[in-house]
Every structure is written in structure tokens, then in C-alpha cells.
Amino acid sequence: MNDRGVMTVDLIFATLLIIIVAGSIVTVVSNRMDTTSQTEELSKARMTADNVAEAINKVYSSGTGHSANISLPDDIKGEKYYINVNSSGVYVTVGGMTGKSYIIPKKVSNSYLVDESQIIMYCGSTYTIKNVNGSEGYSWIVITGS
């Protein structure tokens, strides 16, 4: 019979099978690399949230009148971000992902007149965190941009 034709069909089949397996491996590796990059980005966002929460907690724990300045990084792995601070914690949002860190004080504000609100902090900015005494005799945190 025709041995040459059978070898050619086997070679084409084996080549096609190798291409399919290689394509599958490349897809899996690409997805894993994307996941690793997102995990690193989210961990850096969480570290930023922890730094802001630590500054707030130190100011609150130090008592009325204590203040601290905090400078935020310009970006997280090349991505712009923003920080939302409210009574439940510090939230850093970057690339559609959010990292959270808890804070001690239950009242935060961006003004000396309002005793509870939500503060938005932007990347690359400097903020002053101050512990003030409220009218009812308890402390609360005021965060203002510099």
C-alpha cells in the first residue's frame, strides 16, 4: 500500500495535537500571570489602606489635639486610586478592586463642623489627620487636605 501517505496523515495529526496542547498551556499561563498581577496590585492597595488606618488609629489613641500628616503615593503599580474613609474603615479602590482596613474611631469628618461623614482621599495628595474633642466630650477624627 501507500506507506508514505499514512505517515503524512500521522504527522499532520501529531502536529495539530501539539498545537492544541501548546495553545491550552499558553492560555492557562496567561490567566495565571494576570491573576498574579491583580493579587500584587490588591496587596499594595491593602498596604496603603493599612498605612492610612494606622495613622488614624495612632492619632485617635494619642488623645485630643494630636495630629499627623500623611502623604499618599502617586499610584499603585501604575494605576490611579482613591481612598474612602468612613466610620467602618479605610477602603482603597484601584483597578475595580477594593482593599479594606479597620479603624478604631467611629466618627470621622472632613470638617470641624460636621461630626460624621465620608472622606475621599486622592492619590499623590497630603492630608492632615487630627483628633478633636466633640461637644459631647468624646474624640473624633478630622481629615483635611493640605
Check: Should V108 and I103 be marked as a side chain to side chain contact (heavy atoms under 4.5 Å, CB included) after you check the CA-CA gap, both sets of side-chain angles, and the distance that decides it?
Finding: CA-CA 10 Å; V108 294; I103 58 174; 4.1 Å; yes
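- The CD1 atom of I12 lies 9.5 Å from the CG atom of L16; values are rounded to the nearest 0.5 Å.
- The minimum heavy-atom distance between D74 and G124, with the atom names listed, is OD1-CA, 3.2 Å.
- Hydrophobic clustering (side-chain heavy atoms under 4.5 Å, transitive across Ile, Leu, Val, Met, Phe, Trp, Tyr) keeps F13 apart from V21.
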Review item, side-chain donor-acceptor pairs of residues 61-72, under 3.5 Å, at least two apart:
from, atom 1, to, atom 2, distance (Å)
S61, OG, N57, O, 2.9
S62, OG, K58, O, 2.7
T64, OG1, S139, OG, 3.3
N69, OD1, T128, OG1, 2.8
S71, OG, T126, OG1, 3.2

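- Across all non-hydrogen atoms, the minimal contact from W140 to K107 is CB-O, 3.4 Å.
- Taken to the nearest 0.5 Å, the CD1 atom of I76 stands 9.5 Å off from the OG atom of S43.
- Nearest heavy atoms, A55 versus I129: CB-CD1, 3.9 Å.
- No single ILVMFWY cluster, assembled from side-chain heavy atoms under 4.5 Å apart, contains both M47 and V92.
- In terms of the salt bridge (Lys or Arg N to Asp or Glu O under 4.0 Å) criterion, D75 has no residue partners (sequence neighbours excluded).
- Taking OG1 of T48 as the start and NZ of K44 as the end, the distance is 8.5 Å to the nearest 0.5 Å.
- Residue K80 comes nearest to V94 through the heavy atom pair O-CG2, 3.7 Å, listed as atom of the first residue, atom of the second, then distance.
- Residues meeting the side-chain contact (heavy atoms from CB on, under 4.5 Å) test with T15, sequence neighbours left out: L11, I19.
- Under the 4.5 Å side-chain heavy-atom criterion for ILVMFWY residues, a single connected hydrophobic cluster contains both V52 and Y82.
- Judged purely by atom type and a 3.5 angstrom limit, N110 has no side-chain atom pairing as donor or acceptor with the backbone of I119.
- Cluster membership for I120 and Y127, using ILVMFWY side-chain heavy atoms within less than 4.5 angstrom, is shared.
- Of all non-hydrogen atoms in I143 and M121, the two that sit nearest each other are CG2-CE, 4.3 Å.
- The two residues Y81 and P73 make their nearest non-hydrogen contact at OH-O, 2.6 Å.
- Under the 4.5 Å side-chain heavy-atom criterion for ILVMFWY residues, a single connected hydrophobic cluster contains both I104 and I56.
- With rounding to the nearest 0.5 Å, the separation of NZ in K130 from CD1 in I141 is 11.0 Å.
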